[in-house]
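Report on the structure given below.
All values below come from the heavy atoms of this structure, side chains included, with hydrogens, waters and symmetry mates left out. Please read all numbers here as calculations on a predicted model, not as lab measurements.
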Amino acid sequence: PETEISKKYDFIYAADSLAHKNHKKLLDCWEILLGTNTYPSLALTLHDNDRALIERINELNSRGAHITNIGWISRSDLINVYNESRALIYPSLRESFGLPLLEASHLGLPVLASERDYVYDVCVPSQTFDPLVPDSIARAVRRFLGMNPPTLAVLSPKKFIEEVVKE
């Protein structure tokens with residue numbers, strides 16, 4: 001069996017650049033991850049004419065991100081990329097069907113997806129997130145990667161008041 005170490009990408013998002021596919025928030029998430037010294041690799045399937053997104057990818061990569069636009073590829077090539085990836089990430093806001101969710105599930109690929117009803121109609125995600133909040137997406141990525149931030153200690157009421165009014 002193939003180990004996670006041999007995977008080329010940490011995440012794949014197979015989608016065109018329609019607004020509801022939510023690439024902007026996904027790239028905002030990758031910017032947040034850069035700020036926490038977290039550098040997961042991401043494969044995207046954008047058309048060459050998606051200039052604004054490609055420019056954003058290039059800008060993030062110039063700062064240390066590992067985002068690869070593999071372009072629009074055939075279904076068989078996409079299956080190969082799924083097999084080279086540790087997980088599918090799927091921040092779409094809505095779907096009529098969600099074929100990548102089915103494909104990834106069929107291949108045994110973990111799915112990190114929007115906390116939306118359409119997701120549960122076709123798969124059981126490993127992690128979910130609020131697709132409108134890049135921080136939520138970033139937390140799901142970090143959880144999947146085993147990088148959970150430590151939980152904050154619960155303060156006594158007295159300590160809480162002291163912290164709140166501390167100037």
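Aromatic pair Y9/H66: centroids not less than 6.0 angstrom apart.
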*asked:* side-chain hydrogen bond (donor to acceptor under 3.5 Å, both in side chains) for S17 and D50? Distances and angles first, verdict last.
replied: CA-CA 7 Å; S17 63; D50 293 320; 2.7 Å; yes
*Please assess F11 against W30 for the test ring pair (Phe, Tyr, Trp, His ring centres under 6.0 Å), listing each intermediate value before the final yes or no.*
CA-CA 11 Å; F11 300 96; W30 249 250; 5.8 Å; yes
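Under the side chain to side chain contact (heavy atoms under 4.5 Å, CB included) criterion, P110 pairs with A87, S126, F144, sequence neighbours left out. By the salt bridge (charged side-chain N to carboxylate O under 4.0 Å, His left out) test, E31 is found to be paired with R56, R63, residues two or more places apart in sequence or in another chain being considered. Under the side chain to side chain contact (heavy atoms under 4.5 Å, CB included) criterion, N58 pairs with I54, not counting sequence neighbours. Shown here are the salt bridge (charged side-chain N to carboxylate O under 4.0 Å, His left out) partners of K21, two or more places apart in sequence or in another chain: E95. Under the rule for a side-chain hydrogen bond (donor to acceptor under 3.5 Å, both in side chains), the partners of T128 that lie at least two apart in sequence or sit in another chain are E115.
When all heavy atoms are compared, the tightest approach of D16 to L46 is C-CD2, 4.4 Å. Of all the heavy atoms in A14 and Y82, the pair that sits closest is CB-OH, 3.8 Å. Among all heavy-atom pairs drawn from C123 and V111, the shortest one is SG-CG1, 4.1 Å. S41 and K8 make their closest contact through OG-O, 3.7 Å (heavy atoms, listed as atom of the first residue, atom of the second, distance).
The shortest side-chain heavy-atom distance between I57 and L44 falls under the 4.5 Å cut-off.
Comment: D28 engages K24 in a salt bridge, judged by a side-chain N to carboxylate O separation of less than 4.0 angstrom.
To the nearest 0.5 angstrom, L33 atom CG is 7.0 Å from R142 atom CZ.
Remark: the backbone N or O of A113 is not paired with any side-chain donor or acceptor of R116 at under 3.5 angstrom.
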Less than 3.5 Å apart, which donor and acceptor atoms pair up between the side chains of residues 70-77 and the rest of the protein, not counting sequence neighbours?
{"unit_1": "S74", "atom_1": "OG", "unit_2": "S76", "atom_2": "OG", "d": "3.3"}
{"unit_1": "S74", "atom_1": "OG", "unit_2": "D77", "atom_2": "N", "d": "3.1"}
{"unit_1": "S74", "atom_1": "OG", "unit_2": "D77", "atom_2": "OD2", "d": "3.3"}
{"unit_1": "R75", "atom_1": "NE", "unit_2": "E103", "atom_2": "OE2", "d": "3.3"}
{"unit_1": "R75", "atom_1": "NH1", "unit_2": "E103", "atom_2": "OE1", "d": "3.1"}
{"unit_1": "R75", "atom_1": "NH1", "unit_2": "E103", "atom_2": "OE2", "d": "2.7"}

